[in-house]
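Side chains are part of it too, since the values below use all heavy atoms of this structure and drop only hydrogens, waters and symmetry mates. If you're wondering where the values come from, they're calculated on a predicted model, not measured in any experiment. Whatever order the structure lists ligands and atoms in, that order sets their numbers, starting from 1.
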Amino acid sequence: MTDRQETEIATADAQKATPTRKVFMRTYGCQMNVYDSERMNDVLAPQGYSATDNLEDADLVILNTCHIREKAAEKVYSELGRIRKVKEARALAGKDMMVGVAGCVAQAEGEEISRRAPIVDMVFGPQSYHRLPKLLDEAKSGKKVVETEFDIDAKFEHLSERAAKPVARRAPSAFLTVQEGCDKFCTFCVVPYTRGAEVSRSVKQIVEEAERMAAGGVREITLLGQNVNAWHGEGADGKAWGLGRLLYRLSEIDGLDRLRYTTSHPRDMDDELIEAHRELKTLMPYLHLPVQSGSDKILAAMNRKHTRDEYFRLIDRIRDAAPDIALSCDFIVGFPGETDQDFEDTMDLIRRVEYGSAFSFKYSQRPGTPGATMKDQVPEDVKSARLAELQELITAQTKDFNASRLGMTFDVLLERKGRLPGQLVGKSPWLQAVQIDAPEELIGTVQAVEIVKIGTNSLFGELIAGHHDSNGSSHGAIKEAAFDA
Ligand code: SAM
Ligand code: SF4
């Protein structure tokens, strides 16, 4: 019997059962893990599991982990310590609790996890979540499950079966994984080891899932991949498509107003993708394009395969195509061998590019990556001082960028209720949170909003009276608004 047949039988059996069990899911790390956690919940629902935020109530606990930096991995072990106490308390009350560790720590550390934390019943990597019902059955029969196969095709096939089923009404903004893994082997990064080689989902699978999402009320899709702009596939025309072409195809889907993608590598920004930013109204004017360092010496040591000048030229081409685009970035400070001058080169790059936002990290030695054994590791206090300086500059740039939206009118996708009564939270084209007073029935619509105040973490706006859902015209409207303001 194949894994899929076994999973289907387990699912069919469970569907007969009353949904009485609770799953507590904790997600660490990137959006790809968020997407995977949502899919694990989908797989568990027919097994009778509903989600809970209360650990004490959970019959099943899953930690969907991240291994990108040491801190992220260590958090998992401290959380397992807390879970052990709850599991013991439940056992005294005669109640079971199964514990699973999923994601990249599971992939990287395998059996070591159950050795360090014997309360763990299942360890499974990012390509195995669709097999959860089977893994759960094995664990319940007393077996310690460790599953770290790289069967990405089986996962994608499962996703596409799921996409063929009707979906319940969905939140207005959703993620859609189009690509997993990475072949770039930056010398600091564990992703090629934990997520495996680059694999793209087919055009058919992606389009079907996007159509289903749109039919279920999704108005904005963010395409996800560790290296999303390396996505490639064969189109309906039999030709090889890159991400740009895929975005053109997805923008034809009715009801889908907004497209985004993340995370991109500078080497894979091809002409068609840049042109898509010029031409597609649905493609939001926001791009996360990590450079990591502004020093050519460090870029070479990181194996980033581009220079700072090539990055500047790329940014010029992107801004020529989409002048109102907001750029975002990732930076690592304190990579082995980084001198004060190398760090200054990074600060100079940031001043020249002017980002709307950015993420920044102290270099973390990851076992098994080339960077971990490089000489000239940078002392922790130097890394901390550089990070603080860099973050101060980025914070100032983000503030300026947000302040530049004051008085502008642009389209906002209203996504959920805010903290205060009568308040809704939405998203600007540039991925900023926007708070407005508006009736709840406007959730899931795109509205023209005038920005009247700038807060620390969000913008505050007012609905433009009489304006209702500017379906499909968002980017065009924004462009005019942005330059009229
Ligand atoms: N694929 C993306 C790219 O090419 O930049 C990034 C993927 S990674 C999940 C997200 C970010 O984590 C990276 O851009 C990098 O800044 C950071 N990162 C990865 N490994 C790291 C390490 N060993 N130490 C500190 N930061 C790290
Ligand atoms: Fe990691 Fe991104 Fe480099 Fe791939 S391109 S190795 S995911 S940092």
Min heavy-atom dist Asn227 to ligand 1 below 4.0 Å | no
So, is Ser264 polar-close to ligand 1, with some N/O to N/O distance under 3.5 Å?
-> no
What is the ring orientation for Tyr261 with His277, classed by angle as parallel under 30°, tilted 30 to 60°, or perpendicular over 60°?
-> tilted
Distance filter under 4.0 Å to Lys184 heavy atoms, resulting ligand 2 atoms | 4 (Fe), 5 (S)
Is there any N or O on Gln292 that sits under 3.5 Å from an N or O of ligand 1?
-> yes
Does Gln226 reach ligand 1 with a nitrogen or oxygen that is under 3.5 Å from one of the ligand's nitrogen or oxygen atoms?
-> yes
Test: Arg405 cationic atom under 6.0 Å from Phe410 six-membered ring centre, within 45° of axis = no
Indicate, as side chain, backbone, both or neither, the part of Arg195 found under 4.0 angstrom from ligand 1 when only non-hydrogen atoms are considered.
-> neither
N/O/S atom of His265 under 2.8 Å from atom 4 (Fe) of ligand 2, yes or no?
-> no
Nearest protein heavy-atom contact for atom 26 (N) of ligand 1: which residue, which atom, what distance?
-> Arg69 NH1, 3.4 Å
Considering only heavy atoms of Pro192, which atoms of ligand 2 have at least one such atom less than 4.0 Å away?
-> 6 (S)
Would you indicate whether the side-chain heavy atoms of Arg304 and Gln292 approach each other to under 4.5 Å?
-> yes
Just by distance, do the side chain of Lys427 and the backbone of Val434 share a donor-acceptor pair under 3.5 Å?
-> no
Per-atom contact, atom 7 (C) of ligand 1, protein heavy atoms, under 4.0 angstrom | no
At their closest point, which heavy atom of Pro285 faces which heavy atom of Trp430, and how far apart are they?
-> O-CD1, 3.2 Å
Best match, Thr263, Thr194, Val191, Thr262: closest heavy atom to atom 2 (C) of ligand 1 = Thr263
Begin from the C-alpha positions of Tyr248 and Glu279 and carry the test side chain to side chain contact (heavy atoms under 4.5 Å, CB included) through to its verdict.
-> CA-CA 9 Å; Tyr248 279 90; Glu279 290 175 359; 2.6 Å; yes
Close-contact set for ligand 2 against Phe185 heavy atoms, below 4.0 Å | 6 (S)
May I ask whether Arg304 has any heavy atom positioned less than 4.0 angstrom from an atom of ligand 2?
-> yes
Is the backbone of Gly444 close enough, under 3.5 Å, to the side chain of Arg219 for a donor and an acceptor to pair up by distance?
-> yes
The closest protein heavy-atom partner of atom 6 (S) of ligand 2 is Cys186 N, 3.3 Å
Ranked by distance from atom 1 (Fe) of ligand 2, the top protein heavy atom is Cys189 SG, 2.3 Å
Which one of Thr263, Val178, Thr177, Thr222 satisfies the side-chain contact (heavy atoms from CB on, under 4.5 Å) criterion with Val228?
-> Val178
among protein heavy atoms, the one nearest atom 3 (C) of ligand 1 is Arg304 NH1, 3.8 Å
Could you check atom 9 (C) of ligand 1 against the protein and tell me its nearest heavy-atom contact, residue, atom and distance included?
-> Ile68 CD1, 3.5 Å
Pair Arg131 + Glu147, salt bridge at N-O below 4.0 Å | yes
Relative to ligand 1, is Phe188 under 4.0 angstrom through side chain, backbone, both or neither, heavy atoms considered?
-> both
Identify the heavy atoms of Lys383 and Tyr363 that sit nearest to each other, and give their distance.
-> NZ-O, 2.8 Å
So, the side chain of Ser364 versus the backbone of Glu70: is there a donor-acceptor pair under 3.5 Å, distance only?
-> yes
Side chains of Phe124 and Thr148: closer than 4.5 Å at any heavy-atom pair?
-> no
Say whether Lys71 and ligand 1 are in contact under the criterion: heavy-atom distance to a ligand atom below 4.0 Å.
-> no
For residues Ala301 and Thr187, report the shortest heavy-atom separation together with the two atoms involved.
-> O-OG1, 2.8 Å
Whether Lys362 lies under 4.0 Å from ligand 1, heavy atom | yes
Does Tyr355 offer a backbone N or O that forms a donor-acceptor pair with the side chain of Gln397 under 3.5 Å?
-> yes
Atom 24 (N) of ligand 1: the protein heavy-atom neighbour that sits closest, reported with distance to 0.1 Å = Ser364 N, 3.0 Å
Give the residue, atom name and distance (to 0.1 Å) of the protein heavy atom nearest atom 4 (Fe) of ligand 2.
-> Cys182 SG, 2.2 Å
Numbering the atoms of ligand 2 from 1, which are under 4.0 Å from a heavy atom of Phe188?
-> 8 (S)
Under 3.5 Å between some N or O of ligand 1 and some N or O of Asp330?
-> yes
